[in-house]
Amino acid sequence: MPKTFYITTPIYYVNDKPHIGHAYTTIACDVLARFKRLDGFQVKFLSGTDEHGQKVAKAARDQGIEPIDLCDRNSKNFRDLAGVIGASNDDFIRTTEPRHIAACQALWKDLEKSGHIYLAKYAGWYAVRDEAFYDEGELTKGPSGDKLAPSGAPVEWVEEESYFFKLSAFQEPLLKFYDANPDFIGPKSRFNEVYSFVKGGLRDLSISRTTFSWGVAVPGNEKHVMYVWIDALTNYIAALGYPDKTKDYAAYWPHAMHVVGKDIIRFHCVYWPAFLMAANLAPPKRVFAHGWWTVEGQKMSKSLGNAIDPNALIEKYGLDQIRYFLMREIPFGNDGDFSESAISGRINGELANEFGNLAQRGLGFIAKTLGSVLPAPGAYTPEDNEILKACAELIVPARVAMDAQGFDKALDAIWAVVRAANQYVDKQAPWALKKTDPARMNTVLYVMAEIVRHLAIIMQPFVPTSANKMLDQLGVAADARSFAHLGRNHALKGGTTLPAPSPVFPRYVPPGESKPGKST
RNA sequence: GGCGCGGUAGCUCAGGGGUAGAGCAGCGGGAUCAUAAUCCGUUGGUCGGGGGUUCAAAUCCCUCCCGCGCUACCA
């Protein structure tokens, strides 16, 4: 039975417009999914949209359309985004789908059966203007002595019948679970946050509403719809066929990983495992919370109007370039800044100059000097063996880094080899050997081709289109590009005629500059 | 307020008791296969301030200053 891996993005709220943050999350998942597939895992990669709630109902009403029509339209934006960024997701779930609704209701019944749901009153200070409840402590006194929300909106005491989940019963089980699974949450700092949050005590959770109806009906009490968390989180197991626990659920759930933005970590690391435990199901294997991107040092916001449209970004810099930048620039989990100078520095300094040019100088040489026929190597020197060994063994640290979602660390390791490869070429100087020792030149050129083959194979998850273009130029068969093909057993065959090479990573030239500026 | 994380070269950051490191930027040089790319060398830091422990502190302890995160129902 093959090793399996299940990776999910959050479901994106249909009221949102897709922006770079959504693209970032999905790209990270995609890189992981591709890496695992190439590493021999049977992977299921899920994305989707969250389509219920009062806001969606209201937006539809405002536009004079049915909620489902609004959802159909906006869900497509996210499905399209996945295509635009090259996501290899195997499935795309919508919370309005029958399979999802069935899963929510099944989970609800399980929770009810195990005695973790009860009916009571949800009461609190509600600000109609903000559509939000506030804590007593958050309120301020207005000039006439009335209570005001932090936003200045007047609040009123509201009581509403609601189902509650006995979250308070899970403080100890959760702490025990965290203790036993220190890798449940990444990065570590988030683990500590969640841990101390739970340690501070848990209150029961209101999980239904009666004030709107655009949601999953509570089984047996149609007045209620489920309120966000049970609805939204259940998508992860709905897509595995839950409540059927035999097929995909059995195969994938034990190896589930959720990638989320840091804003929704509590729901994934506290509520979700609690729900699952309450239903006698296992929590996911790991949740990783990533950070936010600023733009030229400024927060992305609607009011500033500087939210980046992924389409425009990809148009401008190229898809693989964006994917590479997002994975390379910062440790996953940290916040980052998206700036023209940073991205052009990465594109030109690393992709074009160091990696792309490495391939081009080797393949171009073979094309010009040897009529595109890949030479057969002679005996290897210690230098040859050293660089080839580094290439073949690169997968080891890369795997370790990727298993911890350390994209930047993996790329660090890869780039150490890219740099060593350029040093190797300079030291061997095949252009000089051309006159003095053609046989040795052939060996060096062959080694260069092997270096590029290894690097391209391992770079596929990050820059799939470009890496595969390189492999095309090396004449590597489509079914010989997995990590199992690294190493000498699958080395290129001398004597093969290679297609005409052309640069794979073009330099980025800022608008207004006619000549490519030096590495900016 | 409480809890936690961080303040190291111009920039981004690694290191975490024994004579300060990387990448980028800067400066100098070499090479010419290549997308004028690459390669070699190199300038640059009182490791936030103060105090303490120690033969020895960027590293441990105390304290102060500054920045950030979390402190429940907002996807």
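Letters go in sequence order (proteins before strands), and every chain restarts at 1.
Here, rU8(B) and rC3(B) have their C1' atoms 26 Å apart, quoted to the whole Å. When the P atom is compared between rC60(B) and rG45(B), the two are found 25 Å apart, to the nearest whole Å. Going from the C1' atom of rC24(B) to that of rA58(B) covers 23 Å, rounded to whole Å. Taking the C1' atoms as reference points, rA25(B) lies 22 Å from rG7(B), given to the whole Å. For the C1' atom pair drawn from rG15(B) and rA9(B), the interatomic distance equals 14 Å after rounding to whole Å. Taking the C1' atoms as reference points, rG23(B) lies 23 Å from rA34(B), given to the whole Å. A distance of about 26 Å separates the C1' atoms of rA56(B) and rA22(B), rounded to the whole Å. As rounded to the nearest Å, rG2(B) and rC62(B) have P atoms that lie 16 Å from one another.
Checking rA72(B), rC74(B), rC39(B) against every side-chain atom of Tyr227(A), the shortest atom distance belongs to rC74(B). Here rC74(B) is the nucleotide among rC33(B), rC74(B), rA75(B) with the atom lying nearest to any side-chain atom of Lys55(A). For Ala232(A), the listed nucleotide lying nearest its side chain is rA75(B); candidates were rA31(B), rU35(B), rA75(B). Distances from the side chain of Phe505(A) to the nucleotides rU35(B), rU32(B), rA72(B) place rU35(B) closest. When each of rU38(B), rA75(B), rA72(B) is scored by its nearest atom to the side-chain atoms of Asp50(A), the top-ranked nucleotide is rA75(B). For Glu193(A), the side-chain atoms get nearest to rG69(B) when compared with the rest of rG69(B), rU38(B), rA72(B). Proximity note for Trp431(A) (side chain, C-beta onward) versus rC73(B), rU32(B), rC70(B): the nearest is rU32(B). The side chain of Trp229(A) lies closest to rA75(B), out of rA75(B), rA37(B), rA72(B). Comparing rU38(B), rA75(B), rC33(B) against the side chain of Tyr13(A) picks out rA75(B) as the nearest.
Across all strands shown, Gly333(A) has no heavy atoms under 4.0 Å from either base or sugar-phosphate atoms. If you check every strand for non-hydrogen atoms under 4.0 Å, Tyr271(A) touches a base. At a threshold of 4.0 angstrom between heavy atoms, the contacts of Ile264(A) with the nucleic acid are absent. Among the atoms of the strands shown, none is found under 4.0 Å from any heavy atom of Val14(A). Contacts of Leu167(A) with the nucleic acid, taken as non-hydrogen atoms under 4.0 Å apart, include base atoms. Across all strands, Ser206(A) comes closer than 4.0 Å to base atoms (heavy-atom distances). Counting non-hydrogen atoms under 4.0 angstrom, Asn15(A) reaches nothing in the nucleic acid.
RNA chain B is contacted by both Asp426(A) and Asn192(A); Asn192(A) maps to the nucleotide lying nearer its 5′ end (nearest heavy atom per residue). In this structure, Pro430(A) and Pro331(A) both approach RNA chain B, and ranking their closest nucleotides by distance from the 5' end singles out Pro331(A).
We find that CH2 of Trp272(A) is positioned 17 Å from P of rA75(B), with the value rounded to whole Å. In this structure, CG of Asn348(A) is placed 9 Å from C1' of rU35(B), rounded to the nearest angstrom. rC73(B) atom P lies 19 Å from atom CG of Asp231(A), rounded to whole Å. The distance between atom CG of Asp335(A) and atom C1' of rG69(B), rounded to the nearest whole Å, is 9 Å. Between Lys199(A) atom NZ and rG2(B) atom C1' there is a gap of 15 Å when expressed in whole angstrom units. For the pair Arg346(A) CZ and rU12(B) P, the computed distance is 13 Å after rounding to whole Å. For Phe338(A) and rU12(B), the CZ to P distance is 18 Å, given to the nearest whole Å. For the pair Arg190(A) CZ and rC3(B) P, the interatomic distance rounds to 19 Å; values are reported in whole Å.
Evaluation of the ring-ring contact (aromatic ring centres under 6.0 Å, His included) rule for Phe355(A) yields Trp415(A), Phe505(A) as partners, not counting sequence neighbours.
The side chain to side chain contact (heavy atoms under 4.5 Å, CB included) test with Arg94(A) is passed by exactly one of Ile11(A), Asp50(A), Asp72(A): Asp72(A). For the pairing with Phe275(A), the side chain to side chain contact (heavy atoms under 4.5 Å, CB included) check across Thr234(A), Leu167(A), Leu205(A) returns one residue only, Leu205(A).
Residues Asp335(A) and Trp293(A) have side chains not in contact (no heavy-atom distance under 4.5 Å, counting atoms from C-beta outward).
Within residues 360-372 of chain A, the residues approaching RNA chain B are Gln360(A), Arg361(A), Phe365(A), Lys368(A), by heavy-atom distance under 4.0 Å.
rC47(B) makes up no base pair with any nucleotide shown, lacking Watson-Crick or G-U wobble contacts both under 3.5 Å. In this structure, rU19(B) makes no Watson-Crick or G-U wobble pair, since no nucleotide meets both defining distances under 3.5 angstrom. When Watson-Crick and G-U wobble pairs are counted only if both distances are under 3.5 Å, rC70(B) pairs with rG2(B). Under the Watson-Crick or G-U wobble criterion, with both distances below 3.5 Å, rU35(B) is left unpaired in every strand shown. With a cut-off of 3.5 Å on both pairing distances, rA56(B) has no Watson-Crick or G-U wobble partner at all. Checking rG41(B) for Watson-Crick or G-U wobble geometry (two distances, each under 3.5 Å) identifies rC27(B) as its partner.
In this structure, Lys427(A) fails the cation-pi test against Tyr424(A), since its NZ or CZ atom is not both closer than 6.0 Å to the six-membered ring centre and inside 45 degrees of the ring normal. Cation-pi contact between Arg323(A) and Phe462(A): absent, since separation from the ring centre below 6.0 Å together with deviation from the ring axis within 45° is not met.
The pair Glu329(A)-Arg346(A) meets the salt-bridge criterion, with a side-chain N (NZ, NE, NH1 or NH2) lying under 4.0 Å from an Asp/Glu carboxylate O. Salt-bridge annotation for Arg73(A) and Asp69(A): absent, with no side-chain N of the basic residue lying under 4.0 Å from a carboxylate O of the acidic one.
Put simply, the side chain of Asn442(A) never gets that close to the backbone of Pro375(A): no donor and acceptor are under 3.5 Å apart.
You'll find the ring centres of Tyr163(A) and Tyr227(A) outside the 6.0 Å limit.
Judged by distance alone, with hydrogens and angles left aside, Asn357(A) brings a side-chain donor or acceptor within reach of the base of rA34(B), the pair sitting under 3.5 Å.
OP1 and OP2 of rU38(B) both lie 4.0 Å or more from every side-chain N or O belonging to Gln423(A).
Using a 30° and 60° split on the angle between ring planes, Tyr317(A) and Tyr508(A) fall in the tilted class, from 30° to 60°.
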